[in-house]
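Input: a single structure, listed below in structure tokens.
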Amino acid sequence: MNDSIVSSCLEASLLGQAIVNDNGEFLFVNTAFCEQFGYAKEEVLLLSIESFFIYEEHDRSRQKDPLLKRGREKEQFEKLILHGKGYLQKTLLTVTDVSKKEQTCFHIQLDQLMNVGGLEGERSLLEASIRNRDEVRLPKKILDGITDAIITIRLDGQFLYVNDEAERMLSMTWEQLQYCDFWACLKETKNETLTKKFYQLLVGEEYAQVEYFHDLSEQWFDVRAYRSDEQVTMYFINITERRQMEKELRIKEENYRSLVENTPETIMVHDGMKIVYLNPAGKALFGFSQPQKLIGLKLQGILSSHDIARAREDARQLLSGKISVSNAIYQIMLQHGKALEVEATTTVIRFRGKPAFRTILKDVSERKKVDDLIRKSDKLAVVAQLAAGVAHEIRNPLTTVKGFLQLFQKEQKYNPFYLNLVMEELDRVESIIYEYLTLAKPNFDNQFKKLEIVNLMNQILTLTKTQSNMNNVTLEFEYEEVPMITGLEKQLKQVFINLIRNSIEAMNENGTITIRVLNHPDQQICIQVEDNGCGISKERIERLGEPFYSTKEKGTGLGLMVCYKIIEHHNGVFNIYSEEGIGTKIEIILPALLEGKKNEVLLS
């Protein structure tokens, strides 16, 4: 017969079946055998049949007939074994020699299992005498090596087995526990929950589980008890660390919830489609008469179609990991059709076990009003300071014109050459007046237009030349052929006039300011304003751009802050490099106009 068929038949048997060699090492063992011995198949296959047997000293001296002997035919032996759950058990084995020519092997069948009987004293003496025997050392190591406390008792409360961890937990030795009653010990704990759960095992329940705090060791345990026949085996799994972590998490969660609930800023959680959480500040911001209706409200109900598209793109980039934080300005719809501009800062979080988006909303409508006032105030300050220079600049060509006209009047004729000079001076006056009015005129045009940056800088130099001459400062202009840009002409003029004016004020007489227009990598252009003035310390550079912080004695700091804002609106970069006693270089990088690409943007 095929060996695989024999193995299948033995495996299907409800009785324990095993095949061992002449050294007692297992060649085959079925599941029933392992279950009846109380060990996993992997553990059994590593041992020999003799390692499970427990011998008393007098038995060992009288043992003459070995279990594994050639020629045996269904001979029965009664052996005492240590069950995997820690108690002693008598086992009736039937041994048959099934050797072949090429190999010696024996078939072992478990015919009957019975718990150790006898008087309590006799059994205790027997267990005490065999507890540290070599034969039980390996099974004991398996159980004692488990980090969980394991206790096996009879239903009457007699301890049958405890491993080393259980002895440490109970602060008692095995010798002491043999004279203790488990149920009496349980009653002393005065733990009603634990007592009630364990008493259920006495009335027929096969399994009980409860969490238990052990006062002596100040530790938490997840206790799991299993009843088998007239015995109960308990596993005390130490969960102190887990309980401590849960407590810390609860405290953190409560603190976080308190922070979120009481913060004056709106915090909203959404899944990309609808709102799933909104703190009290958010409910006040939206102004709904029934705030509970906000939960589940779709984003389409509060955002325009344009903003919805931007929000979805930001969500896609956040989920893909391309960005970690998204910042955007949205217009949200409040109750009764009112609209409000908000700044939204969004990050990815886990909410109720799923990815979600946490958005912090800030009302920027008032801030935008303040920014506009600051921008207008700074522009007026620039215009006022330029007024004196412009008046002086106009006076010079007018003096020339007046002189030639007086000459013409005196001679009663005019010279064509002098007339051309008069016309050139008048053109210059007209240009200065136009640039001045352009700067002072209120800005109603918000639409980006194509600009030649070199031409723009020439116009700015015309306006600032007088102020530089009055301070004996030389203006130098260097430029490359660069592509066009898109932007707001008046705002960019305001930026560069401000920067040149700051450089003039930072220098003594005979200083030099160099303005450069250069090509920059990645389809950008670079405008530099460099002076050899007093320079700025590193600590002060970090604060430049803050309102009301200035390196000048009577400065407000608003001018540079407005410059930062304008360049930011033009998607540009504003860099400052300076060293005390050497000078300062300000670098502005702006995107170039790409051919065939629409760059007109409506600024809010």
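Computed from a predicted model, the values in this text were never measured in an experiment.
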Partner set under side-chain contact (heavy atoms from CB on, under 4.5 Å) for Leu249, not counting sequence neighbours | none

Should we count CD of Glu11 as having more than 12 external heavy atoms under 6.0 Å?
-> yes

With sequence neighbours excluded, residues passing side-chain contact (heavy atoms from CB on, under 4.5 Å) with Gln219 | Ser217, Phe221, Asn238, Thr240

Taking side chain as C-beta onward, heavy atoms only, is Asp22 less than 4.5 Å from Leu68?
-> no

Among Arg70, Lys69, Arg72, the one residue meeting side-chain hydrogen bond (donor to acceptor under 3.5 Å, both in side chains) with Asp97 | Arg70

Would a 4.5 Å heavy-atom cut-off, applied to side chains only, mark Ser48 and Asn23 as touching?
-> no

Results of side chain to side chain donor-acceptor pair (under 3.5 Å) for Asn21 - residues two or more places apart only | Glu25

Measure from the ring center of Tyr212 to the ring center of Phe198 and say whether it is less than 6.0 Å.
-> no

Classify the side-chain pair Asp222/Gln209 by whether it contains a donor and acceptor separated by less than 3.5 Å.
-> yes

For the atom pair CG (Leu15) and CG (Leu110), what is the distance rounded to the nearest 0.5 Å?
-> 8.0 Å

Parallel, tilted or perpendicular for Phe33 and Phe26, by the 30°/60° rule?
-> perpendicular

Considering all heavy atoms, the nearest Leu278-Ile295 contact = N-CD1, 3.8 Å

Are Ile81 and Phe53 side-chain neighbours, meaning at least one heavy-atom pair lies under 4.5 Å?
-> yes

Give a yes or no on this: more than 12 heavy atoms of other residues, nucleotides or ligands lie within 6.0 Å of atom CD of Glu248.
-> yes

Does the side chain of Lys41 reach to within under 4.5 Å of the side chain of Thr31, using non-hydrogen atoms?
-> yes

For Tyr199, all residues meeting ring-ring contact (aromatic ring centres under 6.0 Å, His included), sequence neighbours excluded = Trp183

With a 4.5 Å limit on heavy-atom distance, are the side chains of Val342 and Thr266 in contact?
-> no

Could you pull out the closest heavy-atom pair between Leu299 and Ile275, with the gap in Å?
-> CD2-CG1, 4.2 Å

Are the side chains of Glu265 and Lys362 in touch, meaning some heavy atoms are under 4.5 Å apart?
-> yes

Contacts of type side-chain contact (heavy atoms from CB on, under 4.5 Å), residue Lys354, not counting sequence neighbours = none

If a pair satisfies ring-ring contact (aromatic ring centres under 6.0 Å, His included) and one of its residues is in residues 340-365, list it, with sequence neighbours excluded.
-> His270-Phe357

Under the side-chain contact (heavy atoms from CB on, under 4.5 Å) test, residues paired with Arg243 that sit two or more places apart = Glu211, Trp220, Ile239, Glu246

Just grab all the salt bridge (Lys or Arg N to Asp or Glu O under 4.0 Å) pairs involving residues 315-329, residues at least two apart or on different chains.
-> Glu313-Arg316

Can you check side-chain contact (heavy atoms from CB on, under 4.5 Å) on Glu218 and Phe213, steps first, answer last?
-> CA-CA 7 Å; Glu218 295 185 346; Phe213 182 73; 4.1 Å; yes

Report the residues that fulfil side chain to side chain donor-acceptor pair (under 3.5 Å) with Gln17, sequence neighbours left out, ordered by chain and then residue number.
-> Ser13, His107, Gln109

Got Val162 and Met169 here, is their nearest side-chain heavy-atom distance under 4.5 Å?
-> no

Over 12 non-hydrogen atoms of neighbours within 6.0 angstrom of NZ in Lys196 = no

Looking at residues at least two apart in the chain, or sitting in another chain, which of them share a ring-ring contact (aromatic ring centres under 6.0 Å, His included) with Phe574?
-> Tyr564

Side chains of Tyr226 and Met234 in contact at under 4.5 Å (non-hydrogen atoms) | no

Do you know the tightest heavy-atom contact between Leu67 and Lys79?
-> CD1-CE, 4.4 Å

Verify whether one side chain among Ser326 and Asp314 offers a donor that lies under 3.5 Å from an acceptor in the other.
-> yes

In this structure, are over 12 heavy atoms from other groups packed under 6.0 Å from Ile251 atom CD1?
-> yes

What residues form a side chain to side chain donor-acceptor pair (under 3.5 Å) with Lys274, not counting sequence neighbours?
-> Asp271

Of the non-hydrogen atoms in Ala166 and Ile150, which two are nearest, and what is the gap between them?
-> CB-O, 3.5 Å

Check: Gln103 side chain, Lys100 main-chain N or O, donor-acceptor pair, under 3.5 Å | no

Thr347 meets the side chain to side chain donor-acceptor pair (under 3.5 Å) criterion, sequence neighbours left out, with Arg358

For Leu201 and Ala225 the tightest heavy-atom approach is CD1-CB, 3.6 Å

Correct closest heavy-atom pair for Asp181 and Asp156 would be OD1-O, 3.1 Å

